[in-house]
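Below is one structure; the comments refer to it alone.
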Amino acid sequence: MNKTENDKKYQSKIDKLIKIMRDSGYLNDTKVELAIRKNPRHKFVPKSFQDKAYEDMPISLMKNQTISQPSVVSRMTEWLNIMEGQKILEVGCGSGWQTAILSYLVADGEVLSIEMHSELVKFAKENLNRLEIHNVDVILGDGSLGIPEESPFDRIIITAACKKVPFPLFQQLSIDGLLIAPVGEYPQSLILYKKTSQGIMEIKNQPGYVFVPLFGKFGYQEN
Ligand code: SAM
């Protein structure tokens, strides 16, 4: 199959997935739709799973990690209400797919993404470089600590489950900034927080999500 035939094959699958996410209410924002279309998910999954890239489910990556379910990525992105020029911290880069979507939405802003596994840092960087995405920095480290020297961040997204949000991440959020995280043991609730001059407020809370755990100093301890 040549490149054009291959792209066409995926195009109809992308269209179907977009329709499913729109019909189920997980995708409402045209800009987020465009960000998803511009960053085809099959370019962020291991080759052996490319045919499954447009099924609305998580897919295994190396180190027992997963690329998140498209509808969940869409919901988290929409709740964050990202604007051009913003500075975003992502905790848990995985494949770099969510990172690429954020990078499209901030345009001339920037995304810093921390990942704890060096294999995934390498994988995400390769995926992002192939799509010539340059406003992103993927960093190896413990995301539960954030990156204090780069703060404040306009938006923070935690893509792994935490018992409670690591307090350094709230500290590194700007006033009026938004933070989203799956919080709780099993299953988690997706919670959107806003930092105001009065403190942290919960803006949205929806139960029923399942994520891999957030490890690190302010996350779960690895065995
Ligand atoms: N959004 C990603 C994507 O599009 O592929 C999927 C993220 S996956 C559900 C969660 C990621 O968080 C995993 O890659 C895992 O290695 C990472 N992770 C878990 N604890 C971490 C920590 N303390 N610091 C950095 N990354 C962490």
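Scope of the values below: all heavy atoms of this structure, side chains included, with no hydrogens, waters or symmetry mates. Every number for a ligand or one of its atoms is a count from 1 in the order of the listing. A quick note: this is a predicted structure, and the numbers were derived from the prediction, not measured.
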List every atom of ligand 1 that sits less than 4.0 Å from any heavy atom of [X], numbering the atoms from 1 in the order shown and giving each element.
| X | answer |
| --- | --- |
| G143 | 22 (C), 23 (N), 24 (N), 25 (C) |
| T66 | 6 (C), 7 (C), 8 (S), 9 (C) |
| S95 | 3 (C), 4 (O), 5 (O) |

Original post:
What do you reckon, does V91 have a nitrogen or oxygen under 3.5 Å from a nitrogen or oxygen of ligand 1?
Top reply: no
**OP:** Look only at interatomic distance and state if M116 has a nitrogen or oxygen under 3.5 Å from any nitrogen or oxygen of ligand 1.
**Re:** yes
Original post:
Just going by heavy-atom distances, which of E115, R41, E90, Q98 is nearest to atom 17 (C) of ligand 1?
Top reply: E115
Subject >> Shortest reach to atom 10 (C) of ligand 1 by a heavy atom, considering only V73, L61, D142, T159 >> reply: T159
**OP:** May I ask you to check whether over 12 heavy atoms, not counting those of E132, lie within 6.0 Å of atom CD?
**Re:** no
Original post:
Just wondering, are more than 12 heavy atoms of other shown residues or ligands nearer than 6.0 Å to CG in N64?
Top reply: no
Original post:
Are the side chain of T159 and the backbone of V91 linked by a donor-acceptor contact shorter than 3.5 Å?
Top reply: yes
Original post:
Any idea which heavy atoms bring T66 and P58 closest together, and the distance?
Top reply: CB-CB, 4.2 Å
Subject >> G219 to ligand 1, any heavy atom closer than 4.0 Å >> reply: no
Subject >> side-chain hydrogen bond (donor to acceptor under 3.5 Å, both in side chains) assessment of E126 paired with N129 >> reply: CA-CA 5 Å; E126 283 166 3; N129 286 339; over 6 Å; no
Original post:
Parallel, tilted or perpendicular for Y54 and H42, by the 30°/60° rule?
Top reply: perpendicular
Subject >> Mode of I67 contact toward ligand 1 - side chain, backbone, both, neither (heavy atoms, under 4.0 Å) >> reply: both
